[in-house]
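First comes the structure, then the notes that go with it.
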Amino acid sequence: MSRYSAINLLRNALGGHRHWPVVWRDPAPKPRYEVVIVGGGGHGLATAYYLAKHHGIRDIAVLEKGWLGGGNTGRNTTVVRSNYLNDESGSLYELSLKLWEGLSQELNYNVMFSQRGVLNLAHTEHDVQSLRRHVFANRTQGIDAEWLSADEVRAFCPILNFSPGARFPIRGGSLQRRGGIARHDAVAWGFARAADRLGVDIIQNCEVTALKREGDRIVGLETSRGEIAAGKVGVVVAGHCGVLAAMAGFRLPIESHPLQALVSEPLKPVLHTVVMSGLVHVYVSQSDKGELVIGAGADTYNSYAQRGSLGIIEGTAHALIELFPCFSRLRMLRSWAGIVDICTDVSPIISKTPVAGLYFNCGWGTGGFKATPGSGFVFAHTIVRDEPHPVAAPFSLDRFTSGAIVPEHGAAAVAH
Amino acid sequence: MSSQPFRLATGGRIDRQRALCFRFDGQVYWGHPGDTLASALLANGVRLVGRSFKYHRPRGILAAGVEEPNALVRLGEGARAEPNTRATQVELFDGLVAESQNRWPSLAFDAGQAGDLLSALLPVGFYYKTFMRPKGWWERYERLIRQAAGMGRAPQGADPDRYAKMHAHCDVLVVGAGPAGIAAALAAGQRGARVVLADEQAELGGGLLAAASLIDGQSAGDWLALALATLRAMDQVRLLPRTTAFGYYDHNFLGLVERVSDHLAAPPAHLPRHRLWKLRARQVVLATGALERPLVFADNDRPGVMLAGAAATYATRYGVRSGKRAVLFTNNSEAYGAAIALADAGVQLTAIVDAREDVRDDWAARARERGIRLLAGQAVVAVEGRRQVAGVRAMRLGPGADQVTGLPARLECDLLMMSGGYSPTLHLYAQSGGRLVWDPLRACQLPGEARQAVHVAGAARGSLELAQALVEGTAAGAQAAAECGFAGALPEAPQAEPAPAAASLRPLWLVPLSQSSGGKRFVDLQNDVTAADLMLATREGYRAIEHVKRYTTAGLGTDQGKTGNINTLAIVAQKLSADIAGLGHTTYRPPYTPVSFAALAGQDRAPLHEPVRRTGMQGWHEERGAEFEPVGQWRRPHHYPRPGESMHEAVARECLAVRQAVGVVDASTLGKIDIQGPDSPKVLNWVYTNAWDRLPIGRCRYGLMLNEEGMVFDDGVTARLDQHHFHMTTTSGGASTVMNWLEEWLQTEWLNWRVRFTSVTEQWAVAAIAGPSSRALLKDLAENLDLSDEALPFMGVSEGRVAGLPARVFRIGYTGAQSYEINVAASHGMALWLALLAAGEKYGITPFGTEAMHVLRAEVGFIAVGHETDGTVTPDDLGLARLCKTSQDFLGRRGLARPALRAERKQLVGLLTDHPKTVLPMGGQVIDRAELRPPHPSLGHVTSSYWSAHLGRSIALALIKGGRARQGERVWVTNDGGLAPATIAPARFLAPAEAAR
Ligand SMILES: Cc1cc2nc3c(=O)[nH]c(=O)nc-3n(C[C@H](O)[C@H](O)[C@H](O)COP(=O)(O)OP(=O)(O)OC[C@H]3O[C@@H](n4cnc5c(N)ncnc54)[C@H](O)[C@@H]3O)c2cc1C
């Protein structure tokens, strides 16, 4: 009865749904674990899952200072795509996209990955060139990508602004049909449940306050629930990676900024794809519940407080109306912010660190939700083998000293 | 005029002399000025107004204000339609049209109610547990789910109305104009502070609008009128009715939205529809009141089940009885006031069902005086009727409130009023960073430690009594003013008669189900979340309150859980045997109530969405019918088609004119920064890769700017006008980036340097003339300007007059032709332009756009930032390593020194297609074989690609791995159809003219 399926739903309905087992246990922390993952967001939970599933390690804890998925995992706008520019990025995000395509079945938890397409709009000559460059690059990488003319964009998403008065007329767009959106909480919960089934201890309300070293080696952690010894430690704390790095005694080329998002009141279906515009600076999809999910910009200041400023919201509102004039009278229902960890080259860090046995996975910034399964997959490998997974190798910390950076600025003109 | 069967003959703040006609679901009804849509519907006996989100259950009006979860309508039609609008907040106007939502085919017979029957199969979170097979089918299931979900339909077409924004400052912002807020505004105003008093309702007064008590010896209504008159008479006080404070940001910055003309059929021409107030207050007083909580019992969602206070408000403020026979179900004494108000309005009170044993206070006495039957220690366990309450059943409540016993008593009624206590409205307080603490006695959250300059008064801090609210309001207002430096005598608080003594409330979070009846006990009415759902969630392990919220969707509706959140919290705590305080609470996020996107955007919509920057010559380009392209905030002429000419023909013509005669381009958009001070050369030495100390006065130099990574991010020509005075130019799109870059360094690292930067982009208009005849043309117009090679050599600058206008003339260019960039004051731009065209006629002068400019610069191999560079390109990649000085440091040099930047990289080369007519696509990927079987590593990409009319063939620039050493090699470039073969060539197809070297 513990597997999720239509049949079991029916059976449980007969029993008044009294017999569903807990999604994950609530264990007290043990004194020692072979591997401790710090951070119970999607990436941390995915790492634990793949460690247990593919590498046979069962003595794992995930430590989360609040509630699972309460960081950026539970705050993001869930755009999933793999149409990045560099081959290195392409391999990483495409690995992830392939995992997404079977994730609900793999986890036996419906993460509602909806491949409704991601449409990127071009408004200027420069946009056209840059998006077409992405399309050509993706095709050589073997990643699906299409260029749509303005007329084709209009047919694909008729409610876009094609009026003659548009400030930034739409001149075409790139479309990745395999891209889409997913249900963010379900990703955290699905990975947590699947990891728990494999014996991973998921420990909430457990904040890591110090990292303990012996010489150059990590040996454990101090937490709000006591000391925990660890063979290896993987840190996956997104916006707080700088704080944890400081605990370990090194610095990261990362800044933490608030990034805001907002939703409208729920509506009957009106938008059937994901629309993004770098120039007009907004991106929108419609959730299954009917809310328009709208990505806003990052505040320019550094912060750890999960709140942003009204100015960003105002800018997002006029960008939204510029793209979709018929959304003008709709209302913003909720707005919020997450703290995003942005690397100087806007690519992530999946890496060993100067401290032996300590690994960092961070820098996903405004766009790491889409990488959740892939990131966990390669990070687990990196931790177990103590050497980067081939796909993760270009994303090592030493790229900043070698200069072999993976710049995705062009792709990140708008946060997603 | 048809009758309004539930309208009282007298009383209320409506104007019975005038009738307003409105339509709901096509049916015509009548109401009065002062009504809301909800009160008018109730007056007409309309009980069923909507369908719920998931089960499509019939729903009626629950509340009388902002917290309404059920009565959501689609207001208006066509492009003015507004879905999901709370009928309880819509002011009635003549001709109003509203429609119910989320039902098909009709409100009364909604096919969606099948969901209610299947609800056993649709427990909370059912979608996480199924729809996974067959793999790849999710999108099909999803289509059905999406159809069933959602609420209203979006409007069609663009919004015809106007919106505005207002920036304001004040000493004291008072939010909420109930008794506490009015008292606060009076006190702060009397002390001389600049006060803003905002209230979301049309009429200021809050609870006073429906109160029966005396204040300072007058009726509440009279006192209110006097108080408002006093406030209006104070110059420094601003009253903002119909204005919701929706967001409390850092540094006492608040967002408020004023609904200026929503109460009119269409906004008059001189008024916006909404106005966004961005207000910075030195002190804030939150007098935001409290919201009554529903009780959670079986079928508590039936139309006719209403919050007690709402029923009282409808009777006393709107002159409407919400039923003929009523039962009150309560756990507190304050709600008795509602029963009494209804009884006094002529509604028959069947009974008061009170969860408390043995209630003996003033309220109970008053109820008994009116002969109302009191069932103490009992609870309503069942509601009869589906589309309309037809009666209720009450049973004895066990001591632990965990079971009900005895025989149910049937109580006849068509209205069930309920009250589960009151939750202070602390949304803004929480947004401000203030802590909320749980008060077990009053069973509510109260304001704890504050983070910002904010005070809370009245019901918002749990003081439900009028007299107390007035005292607290006065104190808060006076103190807020004092903290802004307005001392003065302590204002006296208005005196209200003391409220009847009230026994304390009995927390009752969940009424047990009776064995016989069962039923759904709703916690979140809009999202159809029941107590059973909360329990299932906690049983399944979703125990953090945020998990409960997200798993069950409790509190995620358009009402943001205003009525349900505290009940949710308490029921979860009860179920987990935890302390409510320990559970924390979900975050109160802005906005307090939903705000239109239009209001947030204000006037910033096309064409003011990014206002267009205009050069001095813009009008000419427009008149001349130029095709424009957006470049940053500018719109630059892309080309100037002649009648019947295609883009390609126009561009070719413009290019040839420059190569053969003379062309003129509006170059005013180039970024221009005036740099002055003795440390200017030092700055240039840092921000550019080359050396600047020895640049003579009157000469210019080209420079590259690198970021810390060593990557080119801008380029341009800078001229030395004097020993300590430089004129820097940047790319059109990069002007502000460069300005910020300079300022960031100056302000963070070069603190004591004597140098200042001034953006002068807008101050100069620039016409660049290019072509073999450019010198002759300029000569015709120049005064006091020596154009000889000695006086004004290539890369020189001089000052003089051109066409009689004071001008700075740079002999520089971007086309490889002989050229001059003539700078004049922005206001002279058009005069210069016209003079050039007139004088140039005999030379065949041709205006050219950005496209021709790009073709021309590509012919001679000049890079364009954004084409040849994309943040990943070093000077050496561009073949410009010679521009990097070796003797001195510069920004980006350390980045460049890293090993990967010295390994084999992509380098700028030219590409010549096999077929001279094939123009490669920009962004096309370069590969090393004639067949593309992905994934295939790419060698690089095409950065610029054009048809060169002058050369009679296509040209392209590309960044290719190790490209400089691969000259002559064959490569293939991806294009839309397939692959185009090409040969690697030098990155220059034409030598610049003699005079431009
Ligand atoms: C508004 C917004 C929109 C976004 N939109 C998209 C999008 O559309 N598509 C996309 O791909 N990406 C998007 N992102 C980015 C994406 O959300 C993140 O990259 C991704 O979710 C990061 O996952 P994570 O597991 O690494 O981090 P998180 O989910 O933030 O998890 C980190 C966890 O670490 C915990 N933690 C921190 N410090 C400690 C400590 N000392 N001890 C214990 N635990 C600790 C935190 O509480 C947190 O739960 C968006 C982000 C935001 C904020």
Side-chain angles (χ1 to χ4, degrees), chain A residues 4 6 9 13 17 20 22-24 67 70 104-105 109-110 114 124-126 129 132-133 136-137 139-142 165-168 185-186 265-270 288-290 309-310 313-314 317-318 320-322 325-336 402-404 407 409-410, chain B residues 82 84 120-121 123 128-132 135 139 142 145-146 149-151 153-159 247 249 255 536 540-541 544 546-547 550 558 589-590 594-598 600-601 604-607 609-610 629-630 870-872 898-901 922-925 934-936 938 941 974:
Chain A
Y4 291 164
L9 196 62
H17 296 286
W20 290 112
V22 293
V23 270
W24 52 78
W67 40 279
S104 294
Q105 292 74 24
Y109 200 109
N110 188 353
S114 163
T124 65
E125 193 103 331
H126 185 265
Q129 288 160 15
R132 278 169 57 89
R133 178 177 169 203
F136 289 125
R139 291 213 195 129
T140 53
Q141 290 157 355
R167 172 70 177 84
F168 295 111
D185 292 325
E265 296 178 332
L267 302 162
K268 290 294 175 194
V270 59
D288 289 341
K289 190 164 185 289
S309 61
L310 178 61
I313 301 289
E314 295 176 69
H318 62 81
L320 177 73
I321 298 173
E322 171 68 16
C326 66
F327 290 170
S328 170
R329 293 171 94 88
L330 302 178
R331 306 188 196 93
M332 169 171 87
L333 170 59
R334 264 192 313 278
S335 66
W336 65 90
S402 76
H409 305 92
Chain B
E82 225 192 320
N84 303 330
L121 285 177
Y128 297 125
K129 297 189 172 100
T130 177
F131 304 127
M132 290 179 272
K135 193 176 158 186
E139 285 81 0
E142 189 181 38
I145 292 175
R146 289 185 66 198
M151 300 281 286
R153 284 174 295 120
Q156 280 158 331
D159 186 348
Y249 299 89
L536 174 58
E540 286 193 83
E546 276 285 352
H547 284 160
R550 286 155 181 260
T558 64
R589 302 188 189 290
V595 179
S596 70
F597 290 117
L600 293 165
D604 303 341
R605 38 175 65 210
H609 168 81
E610 289 288 350
E629 77 160 319
D870 60 0
T872 71
R898 294 172 298 173
L901 280 84
M922 289 201 229
Q925 299 291 307
H936 188 82
S938 122
H941 72 283
T974 62

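Just so you know, these numbers come straight off a predicted model, no measurement behind them. Quick note on labels: first sequence line is chain A, next is B, and so on, each numbered from 1.
Taking 4.5 Å as the limit, some side-chain heavy atom of B/Arg550 sits within range of a side-chain heavy atom of A/Trp67. Looking at heavy atoms from C-beta onward, A/Met332 lies in side-chain contact with B/Leu600 at the 4.5 angstrom threshold. Using a 4.5 Å heavy-atom threshold, the side chains of A/Ile321 and B/Asp604 count as separate.
In this structure, chain A has a heavy atom under 4.5 Å from the side chain of B/His941, while its backbone stays farther away. Heavy atoms closer than 4.5 Å to chain A are found in both the backbone and the side chain of B/Glu610. For chain A, the nearby parts of B/Ala598 are the backbone and the side chain; heavy atoms of each come within less than 4.5 Å. When heavy atoms are compared at a cutoff of 4.5 Å, A/Asp185 approaches chain B solely by way of its side chain, counted from C-beta outward. Contact of A/Gln129 with chain B is made through backbone and side chain together, with heavy-atom distances under 4.5 Å. If you measure heavy-atom distances from B/Leu536 to chain A, the contacts under 4.5 Å come from the side chain alone. Heavy-atom distances place both the backbone and the side chain of B/Pro590 under 4.5 Å from chain A. Heavy-atom distances place the side chain of A/Leu320, and not its backbone, under 4.5 Å from chain B. Interface residue A/Phe168: only side-chain heavy atoms are found under 4.5 Å from chain B.
The choice from B/Ala120, B/Pro607, B/Ala544, B/Gly871 that makes the most heavy-atom pairs within less than 4.5 Å of chain A is B/Ala120. The most heavy-atom pairs under 4.5 Å with chain A, out of B/Ile145, B/Thr130, B/Val595, come from B/Val595. Between chain B and the residues A/Ala404, A/Pro266, A/Pro325, the largest count of heavy-atom pairs under 4.5 Å involves A/Pro266. Considering only heavy-atom pairs separated by less than 4.5 Å from chain B, the leading option among A/Ser309, A/Pro269, A/Gly290, A/Ala6 is A/Pro269. The candidate with the highest count of non-hydrogen atom pairs below 4.5 Å against chain A, out of B/Gly150, B/Ala149, B/Ala158, is B/Gly150. Note on B/Glu629, B/Lys135, B/Gln156, B/His936: by heavy-atom pairs under 4.5 Å with chain A, the leading option is B/Lys135. With respect to chain A, the highest number of heavy-atom pairs below 4.5 Å among B/Met922, B/Arg589, B/Glu540 belongs to B/Glu540. Interface summary for chain B: among A/His318, A/Glu125, A/Gln141, A/His126, the most heavy-atom pairs under 4.5 angstrom belong to A/His318. Options A/Thr124, A/Ile313, A/Asp288 differ in how many heavy-atom pairs under 4.5 Å they form with chain B, and the most are formed by A/Asp288. In terms of heavy-atom pairs under 4.5 Å with chain B, the best-connected choice from A/Gly403, A/Gly165, A/Gly142 is A/Gly403. When each of B/Glu139, B/Arg605, B/Glu82 is checked for heavy-atom pairs under 4.5 Å with chain A, B/Glu139 comes out on top. Counting heavy-atom pairs under 4.5 Å between each of A/Cys326, A/Ala137, A/Ser402 and chain B puts A/Ser402 at the top.
Of all the heavy atoms in A/Ala186 and A/Asn110, the pair that sits closest is CB-O, 3.7 Å. The two residues A/Pro407 and B/Thr872 come nearest to each other via the heavy atoms CG-CG2, 3.2 Å. Of all the heavy atoms in A/Leu330 and B/Pro155, the pair that sits closest is CD2-CD, 3.6 Å.
Partners of B/Pro594 according to the side-chain contact (heavy atoms from CB on, under 4.5 Å) rule, which considers only residues two or more places apart in sequence or in another chain, are A/Glu265, A/Arg331, A/Leu333, B/Arg86. The side-chain contact (heavy atoms from CB on, under 4.5 Å) search around B/Arg153 returns A/Lys268, B/Arg74, B/Glu99, not counting sequence neighbours.
B/Leu121 CG to A/His17 NE2: the interatomic distance, rounded to the nearest 0.5 Å, is 6.5 Å. If you take CD on A/Glu322 and NE2 on B/His609, they are separated by 4.5 Å, rounding to the nearest 0.5 Å. The line from CZ of A/Arg132 to CD of B/Gln925 is 12.0 Å long, rounded to the nearest 0.5 Å.
A/Gln105 CD: more than 12 foreign heavy atoms inside a 6.0 Å radius.
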Is there a side-chain contact (heavy atoms from CB on, under 4.5 Å) between A/Leu267 and B/Asn84? Walk through the geometry before answering. CA-CA 8 Å; A/Leu267 302 162; B/Asn84 303 330; 4.2 Å; yes
